[in-house]
Amino acid sequence: MPAAKSGWAITSYWTDRPLAFKGLVVVALPLGILFGALISLYLASNAESRAEDDVRRAFAIQRDTYQVHALLAEAAAGVRGYVLTSQSRFLEPYRKAEAELPATMTRLDAEIRDAEVRQRFERIRQATVRKREGLKKIVALAGSPAVRSSNALAIEEALISNKIVLDGMRREIENIQRRERVLLDQRQAKVDEVRNRFLLLTAISAMIGLLGSLAAVYLFSTGIVRRVRTLEHNAELLARGEALTPMPDDADEIGTLGQRMDRASALLRAREQALRESEERFRLVIEGVRDYGIFVLDPDGIVVSWNFGAERIKGWMAEEILGQHFSRFYPEETRTYLPSQMLERASEAGTAEDEGWRIRKDGSRFWANVVITALYDDRGDLRGFAKVTRDMTERRRSEEALRIAREEAVAASLAKSEFLSRTSHELRTPLSAILGFGQLLELDEEQFSPRHQEAVHQIMKAGRHLLSLINDLLDISSIEAGGTEVSIEDVDMSELLQEVHAFASPIVASAGLQFVLELPAPDLLAQADRRRATQVVLNLVANAAKYNRSGSMVRLSCRPINDMVQVLVEDDGDGIDVSDIPRLFTPFDRLGQQTRAKVEGTGLGLALSKRLVESMHGEIGFDAREKGACFWFTLPVANAIKEDENSCQPD
């Protein structure tokens, strides 16, 4: 009985723990066992690897000790052959030994771990030194036949001594080999032991991992799976609106979820009731809308609902149109294809919109805006279409009237431009005759009296002014008609400004002003029509000189701004009233004439300059100053355009 109570208490404790704790236990238990097994496997693998390294080191020591003995033996044999024959080819083994012995001895020194082998290796090292010195001495004594005969006794003694040293080394090497064989057997036995321990540890780790996984599955099943299945069954009951299976009041998340599902069941029933009431209200709203015809079609286009707005717009009562195909709302010319197209578009895109003529019950037409929306159920099946129709006849009439007015305005503008162009051409013919005769009179003006000379001057002045006006009118009408051609090229702005300065200096000087020129960098190029750009700058400079009655200078400058070149014409005169600025570029609008009655002009200069700058893809403007005025215009930088073109070239 106490054991049963203890088991129930443990189960209850486990059931009430949070899912995060349970998940941590279920995941951490097998992972902990797995990590422990992996660590033990890692340690066993390292031990086996160290044992195998010891075995490889024993084989390496055996190989290198044999190599030391072989090199010295071959070197001694070669030296004896050299002593007997005096042929240097017998010294090849000696030279080989001298080259390879230091590296071999260094490897042996690094590989040896055993103390006994280390002692014997030190004796071999000393014997190797003596052997090499003895061989070196014999080679020196046998240098030539005459020397060899005189040192024969010393050579023989050296050979005997070297043989004794080699025999001693052979014995030490044999002792090392025996010791290494013993060590090799021990190390191989250790490798076998470690491998067996490794296999045992692997089996134990697999068994522990299996038991841990079974324990985790048991804990997961008792704590989560069975109650989750109950929740799944309750979810199905909830979907069908049936009563839920009671669940224990556990304290973890699943227990809390079960309790909330019970509350959700009650809430869902309440919301279903509210939804039914909401749908009823929505139906009443749809049926009460007057400005929009709202009705529903089945997938084949048959009308299945009809609101009051549709009845008011189209004229049919609900009982007259329900069950009819909606194509009867379309005129004869579109009835055969447009209704089916609208349904196809709505099915593919979800919605389709159209504007066009529709038919009322009495046969009259009205311009309608129609939106058809496809209706899908939860499974994605098409259930029908919602169609909203709005009577746009009045808006259509307004748009048509606006279009006609716009066309009439365009026609009037074209007529104005044509009139200006023809008038200007008609005026130039008699004006050319007037100026021609005036020039003839100027040639003989010395023969006239002063009064007549003044009259000739007035004739020529008025004629030239009229010619300037006609030329400006022709330019403006040509630009407005799209007939002006500009030749865009790279223009050196420094040269252009110097040319304008030379042309305009007499004009500025005649106004009693100083003409200041600030040149840009020599390599600053702009994309422009050189003649038109010069015309614009001259016009701005002439205006500055003409209207600067209280200042002392006119300044002409140029500077780059991003990918544009900006030309500035500044003066220090009276400036322009703020109220007049919006009218600056209006044709024939000469500002401030109430105070500048004596200033000549046509009122076309700035308007013409604006159109010329815009035809060169630039912009013209005005900046107000505390004293004076500043007109500017921009042109595209040629360098920037070339860089953009280069950047578009493929690599």
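Quick note: residue numbers are just sequence positions, from 1.
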**Prompt:** Is there a donor-acceptor contact under 3.5 Å from the side chain of Arg345 to the main chain of Glu353?
**Reply:** yes
**Message:** To the closest 0.5 Å, what do you measure between NZ (Lys627) and CG (Asp574)?
**Reply:** 6.5 Å
**Item:** Closest approach of Arg625 to Cys630 (non-hydrogen atoms, all atoms of both residues)
**Value:** NH2-SG, 3.2 Å
**Prompt:** Do the rings of Trp306 and Phe295 sit parallel, tilted or perpendicular, given the 30° and 60° boundaries?
**Reply:** tilted
**Request:** Step by step, work out the salt bridge (charged side-chain N to carboxylate O under 4.0 Å, His left out) result for Arg530 and Glu489.
**Result:** CA-CA 8 Å; Arg530 185 183 186 90; Glu489 59 180 334; 5.9 Å; no
**Request:** Quick one: sort the Phe329 and Trp316 rings into parallel, tilted or perpendicular, breaks at 30° and 60°.
**Result:** tilted
**Prompt:** If every non-hydrogen atom of Ala545 is compared with every non-hydrogen atom of Leu513, which pair is closest and at what distance?
**Reply:** CA-CD1, 3.9 Å
**Student check: side-chain heavy atoms of Leu606 and Phe622 closer than 4.5 Å** = no
**Prompt:** Is a side-chain N or O of Arg549 found less than 3.5 angstrom from the main chain of Gly573, in a donor-acceptor match?
**Reply:** no
**Asked** Side-chain contact, heavy-atom cut-off 4.5 Å: Trp367 with Trp357?
**Response** yes
**Asked** Any side-chain heavy-atom pair from Arg328 and Ile359 closer than 4.5 angstrom?
**Response** no
**Message:** What's the separation between atom CZ in Phe385 and atom CD1 in Ile302, rounded to the nearest 0.5 Å?
**Reply:** 12.0 Å
**Asked** Ignoring hydrogens and geometry, is there a side-chain-to-backbone donor-acceptor pair from Asp572 to Met553 under 3.5 Å?
**Response** yes
**Item:** By side chain to side chain contact (heavy atoms under 4.5 Å, CB included) - contacts of Ile561 (at least two apart)
**Value:** Arg559, Gln566
**Request:** Could you check if a side-chain atom of Leu297 sits within less than 4.5 angstrom of a side-chain atom of Val303, using non-hydrogen atoms only?
**Result:** yes
**Message:** Tell me if a side-chain donor or acceptor on Asp529 pairs with a main-chain N or O of Ser487 at a distance below 3.5 Å.
**Reply:** yes
**Request:** Under the salt bridge (Lys or Arg N to Asp or Glu O under 4.0 Å) rule, collect the residues that match up with Glu348, sequence neighbours excluded.
**Result:** none
**Arg379 (side chain) donor-acceptor with Tyr376 (main chain) under 3.5 angstrom** = no
**Request:** Find the distance between CG (Asp490) and CG (Leu525) and round it off to the nearest 0.5 Å.
**Result:** 5.5 Å
**Request:** Heavy atoms only: give me the nearest Cys558-Val565 pair and the separation to one decimal.
**Result:** SG-CG1, 3.2 Å
**Asked** What's the spacing between Leu338 CG and Ser327 OG if we round to 0.5 Å?
**Response** 10.5 Å
**Prompt:** Can you check whether Arg365 reaches Pro331 side chain to side chain, under 4.5 Å on heavy atoms?
**Reply:** yes
**Prompt:** With a 4.5 Å limit on heavy-atom distance, are the side chains of Glu619 and Trp632 in contact?
**Reply:** yes
**Request:** For Asp492, enumerate each residue passing the side-chain hydrogen bond (donor to acceptor under 3.5 Å, both in side chains) test, keeping only those at least two apart in sequence or located in another chain.
**Result:** none
**Item:** Backbone N/O of Leu519 and side chain of Ser494: donor-acceptor pair under 3.5 Å
**Value:** no
**Item:** Ion pair Arg335/Glu332, N-O distance below 4.0 Å
**Value:** yes
**Item:** Minimal non-hydrogen separation, Ile620 against Ser609, with atom names
**Value:** CD1-CB, 4.1 Å
**Message:** With heavy-atom distances below 4.5 Å as the criterion, would you say the side chains of Val569 and Phe633 are in contact?
**Reply:** no
**Complete:** One should read off an interatomic distance between Asp362 CG and Lys314 NZ, to the nearest 0.5 angstrom, of 12.5 Å
**Request:** Mark yes or no for whether Ser305, through its side chain, and Val296, through its backbone, hold a donor-acceptor pair below 3.5 Å.
**Result:** yes
**Item:** Pairwise side-chain contact, Phe515 with Val541, heavy-atom cut-off 4.5 Å (strictly under)
**Value:** yes
**Item:** Arg383 atom CZ, neighbour heavy-atom count above 12 within 6.0 Å
**Value:** no
**Item:** Euclidean distance, Asp300 CG relative to His325 NE2, rounded to 0.5 Å
**Value:** 7.0 Å
